[in-house]
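In what follows, a single structure is set out as structure tokens and then discussed.
Since the structure is predicted, the reported quantities are computational estimates derived from the model, not experimental observations.
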Amino acid sequence: MTGVEFLASFLTTGELYGLRVGSTLDEVDRALPHPFVDVVGEEGAWLRRDYGLVEFAFNPEPGSGSEWVVATVTVQLHRLASDEDLTRAWARSTGVDFPRYTSWEELRDELSRTHGIPELKVTDQGGFLQYRAASSNVSVLVVDDGGEERGHRVGDGDVWSLDLWVPFRAG
């Protein structure tokens with residue numbers, strides 16, 4: 001699978017390797033055979049698992065005592081610009097082949113060929129444009145700075161990251 005196909009699927013479905021908000025740590029372990037680093041918050045209040053390209057944030061499942069569940073997922077696409085080893089390692093362990101850079105235009109074109117294209121709300125984030133898909137709870141952050149050129153960093157018009165988030169719901 002190409003990286004842009006993978007990203008379009010994530011943006012459309014809100015799922016990454018079958019994982020979504022509420023998936024357990026055990027489910028993440030089974031779905032992603034890739035090295036990672038764990039960081040645990042003070043007093044075990046949260047867990048962040050960093051796979052290099054993808055980061056998962058976990059919170060304890062209410063009422064379970066110790067079961068970690070996914071709270072957010074971020075695809076840190078900008079990291080590929082300066083780390084070709086990460087690109088190759090990710091392709092070997094997951095079967096998803098990413099280029100060093102992915103432009104918003106490439107992702108938008110892939111979305112146009114995808115079933116169930118989400119409606120996107122665009123907001124200016126000061127140097128970035130954010131495209132939010134409420135239907136999947138995924139947002140895309142795109143570099144919006146004409147002075148940024150590709151090199152060891154992504155350039156203007158390139159995707160910086162994708163985030164799976166949970167909207168706030170008043171009780």
Provide the closest heavy-atom pair for [X] versus [Y] in the form atom of the first, atom of the second, distance.
{"X": "L120", "Y": "A133", "answer": "CD2-CB, 3.7 Å"}
{"X": "A81", "Y": "Y101", "answer": "CB-CE2, 3.7 Å"}
{"X": "G151", "Y": "R100", "answer": "O-NH2, 3.0 Å"}
{"X": "H34", "Y": "S93", "answer": "ND1-OG, 2.5 Å"}
{"X": "L129", "Y": "Y131", "answer": "CD1-OH, 3.6 Å"}

Could you tell me the separation between the [atom1] atom of [X] and the [atom2] atom of [Y], rounded to the nearest 0.5 Å?
{"X": "L19", "Y": "F10", "atom1": "CG", "atom2": "CZ", "answer": "10.0 Å"}
{"X": "D97", "Y": "R92", "atom1": "CG", "atom2": "CZ", "answer": "11.5 Å"}
{"X": "L107", "Y": "L77", "atom1": "CG", "atom2": "CG", "answer": "9.0 Å"}
{"X": "E67", "Y": "D26", "atom1": "CD", "atom2": "CG", "answer": "6.0 Å"}
{"X": "S139", "Y": "K121", "atom1": "OG", "atom2": "NZ", "answer": "12.0 Å"}
{"X": "D109", "Y": "W104", "atom1": "CG", "atom2": "CH2", "answer": "10.0 Å"}

Would you mind checking if [Y] and [X] are paired as a salt bridge, meaning a charged N to carboxylate O distance below 4.0 Å?
{"X": "E119", "Y": "R132", "result": "no"}
{"X": "D145", "Y": "R153", "result": "no"}
{"X": "R88", "Y": "D83", "result": "no"}
{"X": "R48", "Y": "D38", "result": "no"}

Passes side-chain contact (heavy atoms from CB on, under 4.5 Å), F6 versus L16? Steps please. CA-CA 8 Å; F6 175 83; L16 192 79; 3.0 Å; yes
Is there a side-chain contact (heavy atoms from CB on, under 4.5 Å) between Q130 and V140 once you walk through the steps? CA-CA 6 Å; Q130 181 182 54; V140 181; over 6 Å; no
Cut-off 3.5 Å, side chains only: do [X] and [Y] have a donor facing an acceptor?
{"X": "E110", "Y": "S112", "answer": "no"}
{"X": "D163", "Y": "T74", "answer": "yes"}
{"X": "T87", "Y": "E84", "answer": "no"}
{"X": "H152", "Y": "S82", "answer": "no"}

Stepwise side-chain contact (heavy atoms from CB on, under 4.5 Å) check, D29 with R49: CA-CA 10 Å; D29 285 340; R49 177 163 287 180; 2.3 Å; yes
Is there a side-chain contact between [X] and [Y] (heavy atoms, below 4.5 Å)?
{"X": "P60", "Y": "W68", "value": "yes"}
{"X": "T12", "Y": "L111", "value": "yes"}
{"X": "T102", "Y": "L7", "value": "yes"}
{"X": "E55", "Y": "Q76", "value": "yes"}
{"X": "F58", "Y": "T24", "value": "no"}

When you look at CD of Q125, are more than 12 heavy atoms from neighbouring residues, nucleotides or ligands closer to it than 6.0 Å? yes
May I ask whether [X] and [Y] are part of the same hydrophobic cluster, defined by side-chain heavy atoms of I, L, V, M, F, W, Y residues being less than 4.5 angstrom apart, directly or through others?
{"X": "L11", "Y": "V154", "answer": "no"}
{"X": "L141", "Y": "L53", "answer": "no"}
{"X": "V75", "Y": "L80", "answer": "yes"}
{"X": "V69", "Y": "F56", "answer": "no"}
{"X": "L25", "Y": "V21", "answer": "yes"}

Parallel under 30°, tilted from 30 to 60°, perpendicular over 60°: which one fits the rings of Y17 and W90?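 Because their plane-to-plane angle lies in the 30° to 60° range, the rings of Y17 and W90 count as tilted.
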Is the W160 ring parallel, tilted or perpendicular to the H78 ring (thresholds 30°, 60°)?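 Aromatic pair W160/H78 classed parallel.
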Please check if the side chain of T114 supplies one atom and the backbone of I117 the other of a donor-acceptor pair under 3.5 Å.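 No, the answer is negative, given that no donor and acceptor are paired below the 3.5 Å cut-off.
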